[in-house]
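Note that this is a predicted model, so its numbers are computed, not measured.
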Amino acid sequence: MTVRSLVYLGRADPSLRSADEPDEEVTCEGEPLIVDAAFELKRRRSPWSSQRTHERVIVGSHPGRADVLLVGSSIHSEHVRFYFPRDAEGPMDMMGLRDDSVAVNGEPIAAHSWTTLQGGEEISLGAWRWRYEWSATD
């Protein structure tokens with residue numbers, strides 16, 4: 001089995017926040033995230049056929065649609081979708097759903113374009129940064 005995770009790295013560019021602006025937080029499934037906290041990318045809510053060979057995981061702020069519920073400024077209801085083989089190790093494909101809301105290693109990703117992730121990439125979702133990791137388990 002392969003476990004795929006996003007590790008929280010913090011705000012994408014803290015220098016863009018003014019000194020009088022309060023610290024913001026982002027939550028995952030209702031819990032505040034701290035730097036280096038990881039959460040597993042797994043389907044929880046969205047409809048998807050169990051007969052398919054690939055899994056789709058939606059990350060966003062809509063509690064009825066997102067499989068990983070992230071709430072924070074600039075996180076859209078369906079922000080990004082991840083697709084990966086159910087029973088195999090290897091790369092994962094990602095599709096951002098809005099222009100100017102997703103970047104990989106600092107490079108913006110156009111809406112509805114595919115990006116393959118191997119592991120170790122830094123992903124910006126709105127104002128927040130993450131690192132994609134995966135590992136094989138027994």
Side-chain angles (χ1 to χ4, degrees):
M1 181 175 152
T2 302
V3 175
R4 298 166 190 278
S5 303
L6 289 182
V7 177
Y8 179 57
L9 300 176
R11 194 169 172 86
D13 189 349
S15 67
L16 295 178
R17 186 170 45 96
S18 67
D20 61 342
E21 194 176 347
D23 285 339
E24 292 183 82
E25 67 178 24
V26 62
T27 63
C28 181
E29 300 297 324
E31 297 294 321
L33 285 172
I34 58 172
V35 172
D36 293 327
F39 59 84
E40 186 177 353
L41 292 170
K42 66 180 185 178
R43 190 169 49 81
R44 293 177 176 89
R45 297 174 189 87
S46 68
W48 189 250
S49 171
S50 61
Q51 304 303 313
R52 295 183 188 218
T53 60
H54 282 71
E55 187 72 75
R56 177 194 69 196
V57 175
I58 299 170
V59 175
S61 62
H62 191 285
R65 186 76 177 135
D67 296 304
V68 177
L69 184 62
L70 287 182
V71 177
S73 65
S74 69
I75 300 291
H76 300 289
S77 59
E78 287 189 32
H79 202 100
V80 67
R81 292 182 181 180
F82 296 98
Y83 295 83
F84 50 86
R86 284 182 192 248
D87 299 321
E89 297 176 11
M92 175 174 74
D93 292 323
M94 179 186 77
M95 180 187 356
L97 299 175
R98 296 180 190 249
D99 283 329
D100 300 323
S101 69
V102 178
V104 175
N105 294 328
E107 294 296 319
I109 304 300
H112 304 286
S113 63
W114 293 98
T115 300
T116 299
L117 303 174
Q118 301 289 335
E121 294 88 353
E122 183 178 299
I123 301 168
S124 296
L125 303 178
W128 312 99
R129 294 180 309 122
W130 317 86
R131 183 178 57 251
Y132 169 60
E133 295 181 349
W134 67 273
S135 61
T137 63
D138 294 332

Working for salt bridge (Lys or Arg N to Asp or Glu O under 4.0 Å), residues R4 and E133:
CA-CA 6 Å; R4 298 166 190 278; E133 295 181 349; over 6 Å; no
Residues which pass side-chain contact (heavy atoms from CB on, under 4.5 Å) with Q118, listed by chain and number, not counting sequence neighbours
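P91, T116, E121.
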Quick one: do [X] and [Y] end up in the same hydrophobic cluster if we chain Ile, Leu, Val, Met, Phe, Trp and Tyr together by side-chain heavy atoms under 4.5 Å apart?
{"X": "I109", "Y": "L117", "result": "yes"}
{"X": "W128", "Y": "V104", "result": "yes"}
{"X": "L9", "Y": "V80", "result": "no"}

[X] side chain to [Y] main-chain N or O, any donor-acceptor pair under 3.5 Å?
{"X": "R86", "Y": "R52", "answer": "yes"}
{"X": "R56", "Y": "P47", "answer": "yes"}
{"X": "D67", "Y": "R45", "answer": "yes"}
{"X": "H79", "Y": "L125", "answer": "no"}
{"X": "H76", "Y": "E78", "answer": "no"}

In sequence, state the C-alpha distance, the side-chain angles, and the governing distance for W134 and F84, and then conclude on ring-ring contact (aromatic ring centres under 6.0 Å, His included).
CA-CA 11 Å; W134 67 273; F84 50 86; over 10 Å; no
Between M92 and F82, what is the shortest heavy-atom contact and its length?
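Taking M92 first and F82 second, the nearest heavy atoms are CE-CD2, 3.2 Å.
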